[in-house]
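In what follows, a structure is listed as structure tokens, so that the remarks can point back to it.
Chain naming here is simple, since letters A, B, ... match the order of the sequence lines and numbering starts at 1 in each.
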There are 2 protein chains.
Amino acid sequence: MDTPPVTGRRERKKAATRKAIADAALRLFLERGYDRVSVRDVAEAADVSTTTLFKHFPSKEALVFDEEEDREAELVAAVRGRPEGQSVVEALRGHVLASWPPLAAHPLRAEFTALVESTPALLEYYERMWTRHTAALGAAVAEDAGVAPDDVACHALARFVLETPALTRGRKDLRGAVEQVFDLLAHGWRPPS
Amino acid sequence: MDTPPVTGRRERKKAATRKAIADAALRLFLERGYDRVSVRDVAEAADVSTTTLFKHFPSKEALVFDEEEDREAELVAAVRGRPEGQSVVEALRGHVLASWPPLAAHPLRAEFTALVESTPALLEYYERMWTRHTAALGAAVAEDAGVAPDDVACHALARFVLETPALTRGRKDLRGAVEQVFDLLAHGWRPPS
DNA sequence: TACAAAAGTGCAACTGGTCCACTTATTGCC
DNA sequence: GGCAATAAGTGGACCAGTTGCACTTTTGTA
């Protein structure tokens with residue numbers, strides 16, 4: 001009859017529930033504003049219990065940032081797989097320029113961005129999503145440079161790179177701002193212009 | 001009879017209440033650990049209502065970091081009042097080296113430091129206490145450099161400087177670690193050794 | 001002395017998050 | 001096909017931080 005499902009029914013249902021929760025959350029948040037919606041409201045709207053909601057998402061903030069891709073792997077790959085002769089800083093500059101600003105450019109996400117930027121809790125969570133990868137990126141840089149995995153300078157570089165989103169958010173010339181931050185990391189700070 | 005009080009009775013009593021709360025909090029936290037003490041416990045121990053407690057301190061974390069000195073003013077002053085010919089980065093390096101590590105060296109504060117470093121919520125709050133001054137320090141640097149007050153590079157420098165505590169915490173050679181971070185800020189990142 | 005502002009109270013309520021014992025659906029396996 | 005193991009979901013109680021409200025007491029001041 002039907003083609004046998006590649007993924008089991010259980011997994012499909014689980015994914016459906018997850019999606020129902022995330023969809024309900026985003027809809028309510030956009031309608032009423034993040035902090036005028038309780039997690040109970042979201043659970044109600046998705047027709048699940050709050051217990052179930054928290055089995056799918058670890059926190060209220062996580063409801064908003066659903067697709068948790070693995071940024072971390074990409075960051076590490078950008079360092080490891082960079083072309084011969086390119087410096088680590090330049091590799092990361094390229095990676096950030098290529099992979100980050102588009103998010104803001106997507107017109108569909110305009111209201112989403114507005115939601116995040118108008119909600120302190122979400123802003124904080126979002127910035128933390130990046131800096132959480134400091135250890136992994138720092139270790140990758142250190143390994144690449146052939147020094148101890150907890151080398152301070154390498155971890156500092158990692159942390160600073162991961163803060164470009166926070167530092168450049170809301171600038172009119174986003175790419176230009178990112179470039180300036182990376183110039184600082186590449187050559188040190190000097191009084192501008 | 002008594003010499004007329006310079007500050008009114010009201011202010012004195014208010015300060016006393018505040019101190020009673022902070023003292024009770026620190027004592028209980030050190031005794032039992034931060035998250036095994038509720039704010040109700042603290043209020044009880046200080047013999048005030050939780051409502052009163054929250055009128056003096058905005059959050060549970062704030063109970064721990066009582067003396068809110070004005071780091072911000074000192075940071076700005078370090079930039080503005082630096083000797084002729086010294087660069088901004090070097091001025092900040094000196095300021096951080098002179099004003100930060102002592103906190104950890106103070107033997108009386110050993111158990112306090114242990115409390116903070118063993119409690120994620122406090123650690124986070126502590127690091128945020130620093131980066132909260134990004135805007136002020138960034139603006140001061142920008143003014144000093146004679147560029148727009150929201151210049152990206154200046155704010156990036158400020159932010160990175162304010163993260164040295166977080167980046168170097170727990171290192172065996174604290175001063176050396178701070179120096180390495182400032183070297184990065186001064187000259188750019190280069191593969192170590 | 002009278003009165004306004006400030007400090008403190010007590011309590012209920014809300015919210016994010018966890019726990020627990022329980023039911024139901026799905027799956028893999030004999 | 002039958003069945004036991006497992007995973008998803010339930011519901012409700014519960015905890016802790018935080019706020020709101022209506023109220024009393026204390027203090028400063030005119």
### Message
Does A/Glu111 have more than 12 heavy atoms from other residues, nucleotides or ligands lying within 6.0 Å of its CD?
### Response
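Atom CD in A/Glu111 is not crowded, with 12 or fewer foreign heavy atoms closer than 6.0 Å.
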### Query
So what does B/Thr51 touch, heavy atoms closer than 4.0 Å: a base, only the sugar-phosphate, or nothing?
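Base: the residue B/Thr51, judged by heavy atoms under 4.0 Å, touches a nucleobase.
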### Query
Across the strands shown, which category fits B/Val42 at heavy-atom distances under 4.0 angstrom: base, sugar-phosphate, nothing?
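B/Val42: no heavy atom of the nucleic acid under 4.0 Å.
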### Message
Looking only at the side chains, is there a donor atom on one of B/Thr52 and B/Ser49 sitting less than 3.5 Å from an acceptor on the other?
### Response
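Looking only at side-chain atoms, B/Ser49 and B/Thr52 do form a donor-acceptor pair, the distance falling under 3.5 Å.
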For [X] and [N], what is the distance between atoms [atom1] and [atom2] respectively, to the nearest whole Å?
X	N	atom1	atom2	value
B/Leu63	D/dT18	CG	P	9 Å
B/Lys14	D/dT26	NZ	C1'	14 Å
A/Tyr34	C/dT15	OH	P	13 Å
B/Tyr125	D/dG17	OH	C1'	14 Å
A/Leu53	D/dG12	CG	P	17 Å
A/Arg32	C/dT15	CZ	P	10 Å
B/Arg40	D/dT18	CZ	P	10 Å
A/Lys55	C/dA21	NZ	C1'	11 Å

With no hydrogens and no angle check, is any side-chain donor or acceptor of [X] less than 3.5 Å from a backbone partner on [Y]?
X	Y	answer
B/Asp151	B/Ala148	no
B/His187	B/Phe182	no
A/Arg18	A/Lys14	no

Side chain of [X] - closest among [options]:
X	options	value
B/Ser38	C/dT9, D/dT18, D/dG17	D/dG17
A/Phe54	C/dG17, D/dG11, D/dT18	C/dG17
B/His56	D/dT18, C/dG16, C/dG8	C/dG8

### Query
Is any N or O donor-acceptor pair between the side chain of A/Arg12 and the base of C/dT26 shorter than 3.5 Å?
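Side chain to base: no pair below 3.5 Å.
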Can you see if the side chain of [X] gets near the phosphate of [N] - specifically, an N or O under 4.0 Å from OP1 or OP2?
X	N	result
A/Lys60	C/dG16	yes
B/Lys13	D/dT27	yes
A/Thr17	D/dG9	yes
A/Thr52	D/dG9	no

### Task
With DNA chain D as reference, determine whether B/Val37 or A/Thr50 sits nearer its 5' end, using the nearest nucleotide of each.
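Looking at DNA chain D, the more 5' nearest nucleotide goes with A/Thr50.
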